[in-house]
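Step one of this worksheet: look at the structure below.
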Number of protein chains: 2
Amino acid sequence: MRIGELARRTGVTERALRYYEEQNLLRPARLPSGYRDYAPSDIEAVRHVRSMLAAGLPSHLIAELLPCMVDTGNGLMPGCRSMLEPLESERDRLTSAIEELTTARTQLTALIDRTPEDDAEYDAWVAANGAA
Amino acid sequence: MRIGELARRTGVTERALRYYEEQNLLRPARLPSGYRDYAPSDIEAVRHVRSMLAAGLPSHLIAELLPCMVDTGNGLMPGCRSMLEPLESERDRLTSAIEELTTARTQLTALIDRTPEDDAEYDAWVAANGAA
DNA sequence: CTAAACCTTCACGCTGACGTGAGGGTCAAG
DNA sequence: CTTGACCCTCACGTCAGCGTGAAGGTTTAG
């Protein structure tokens with residue numbers, strides 16, 4: 001598949017896809033015309049790249065990660081195992097980020113739920129409990 | 001406490017702390033000298049800010065989120081109730097952000113867990129399943 | 001054969017989150 | 001009263017992750 005189709009099917013711009021190749025996050029083949037030729041599996045690959053970038057992982061780490069993910073399909077190759085430590089610290093960073101966001105969302109939801117729907121209800125609350 | 005101490009106790013540079021104030025992520029008081037005067041609670045606030053920034057959330061979203069993390073006890077004031085709708089969409093964005101981070105972490109965790117602990121284990125896997 | 005749609009490589013521009021001085025005030029210690 | 005640690009406000013520099021043309025080759029429908 002060519003770049004336009006991949007862009008439509010992933011929701012990622014063509015510019016971003018070319019940038020990903022530049023950063024060695026994708027390695028599409030080339031047609032005789034020079035057009036990029038993406039494999040069907042690149043659709044999933046792009047989604048992986050997107051979520052990792054959105055999660056704040058640096059692209060050079062993602063770039064080192066991808067070749068390790070394809071080869072055996074069963075964990076990292078021996079030569080890749082030196083990456084376990086950075087991977088684990090990234091995982092821990094994500095864990096605490098998720099916890100922070102979950103806490104924030106819980107409190108935000110509580111604030112929304114606690115807020116009266118209209119002025120009458122608020123005035124009733126003030127009458128019952130006193131003003132702030 | 002002044003900026004240097006807060007910087008040391010959070011591991012964040014003074015420049016970053018001034019930037020956070022510029023972005024309304026922190027609102028330190030001022031001493032007569034003009035020095036910033038941070039509250040002890042700002043240590044925790046800085047950690048919240050840091051993990052959200054590291055998770056890829058834009059600072060203006062964090063700025064709107066931080067006051068929501070403080071439990072005022074009685075919902076929004078009447079004049080603020082017009083912000084309910086934006087707050088709800090922020091909550092939804094927060095939800096999808098959490099989902100993205102969780103997806104990324106799940107992928108990382110799966111990769112880490114599939115990786116053999118040592119070469120012997122890997123060689124055993126190769127012997128049983130064949131090489132790539 | 002031609003026009004539209006699709007692709008290519010530069011290459012400059014932009015935003016966010018700071019880094020890095022420059023030039024200067026504040027303040028406790030000697 | 002000066003030195004050194006600490007703080008201030010500009011203001012330009014940097015890097016990642018793209019956006020946005022410019023100038024031109026390729027493919028396909030009519």
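FYI, side chains are in, hydrogens and waters are out, and symmetry mates aren't considered; it's all heavy atoms of this structure. In what follows, chains are A, B, ... by sequence order, proteins preceding strands, each numbered from 1.
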*Would you say A/Asp37's side chain and A/Met1's backbone share a donor-acceptor pair under 3.5 angstrom?*
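Yes; at least one donor-acceptor contact below 3.5 Å.
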
Atom [atom1] of [X] and atom [atom2] of [N]: how far apart are they, to the nearest Å?
X	N	atom1	atom2	answer
A/Leu17	C/dC7	CG	P	10 Å
B/Met1	D/dC6	CE	P	14 Å
A/Tyr38	C/dC7	OH	P	10 Å
A/Ile3	D/dT26	CD1	P	17 Å
B/Asn24	C/dG16	CG	P	14 Å
A/Arg18	C/dT9	CZ	C1'	9 Å
A/Leu57	D/dG17	CG	P	10 Å
A/Arg30	C/dT8	CZ	P	6 Å

*Begin from the C-alpha positions of B/Arg47 and B/Glu44 and carry the test salt bridge (Lys or Arg N to Asp or Glu O under 4.0 Å) through to its verdict.*
CA-CA 5 Å; B/Arg47 297 207 171 113; B/Glu44 264 304 291; 3.5 Å; yes

*salt bridge (Lys or Arg N to Asp or Glu O under 4.0 Å) between A/Arg36 and A/Glu22, worked out*: CA-CA 13 Å; A/Arg36 288 171 179 83; A/Glu22 195 178 311; over 6 Å; no

Within the pair [X] and [N], is there a side-chain N or O less than 4.0 Å away from OP1 or OP2?
X	N	value
B/Thr13	C/dG19	yes
A/Ser59	D/dA16	no
A/Tyr19	D/dC18	no

Checking all strands, does [X] fall into the base, sugar-phosphate, or nothing category for heavy-atom contacts under 4.0 angstrom?
X	value
B/Gln23	nothing
A/Leu31	nothing
B/Arg36	sugar-phosphate

Tell whether [X] reaches the base of [N] with its side chain through a donor-acceptor pair below 3.5 angstrom.
X	N	value
A/Arg15	D/dT20	yes
A/Tyr20	D/dG17	no
B/Tyr35	C/dG25	yes

*Taking for each residue the nucleotide of DNA chain D bearing the nearest heavy atom, is the 5' side occupied by B/Glu21 or by A/Pro32?*
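Upstream on the strand: B/Glu21.
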
*Heavy-atom check, side chain of B/Thr10 versus side chain of B/Arg50, under 4.5 Å*: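 No, their side chains stay 4.5 Å or more apart.
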
*Could you go step by step and tell me if B/Tyr20 and B/Asp42 meet the side-chain contact (heavy atoms from CB on, under 4.5 Å) rule?*
CA-CA 11 Å; B/Tyr20 295 163; B/Asp42 284 331; over 6 Å; no

*asked:* From the set D/dA16, C/dC18, D/dC8, return the single nucleotide nearest to any side-chain atom of B/Arg50.
replied: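 In terms of side-chain proximity for B/Arg50, the closest of D/dA16, C/dC18, D/dC8 is C/dC18.
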
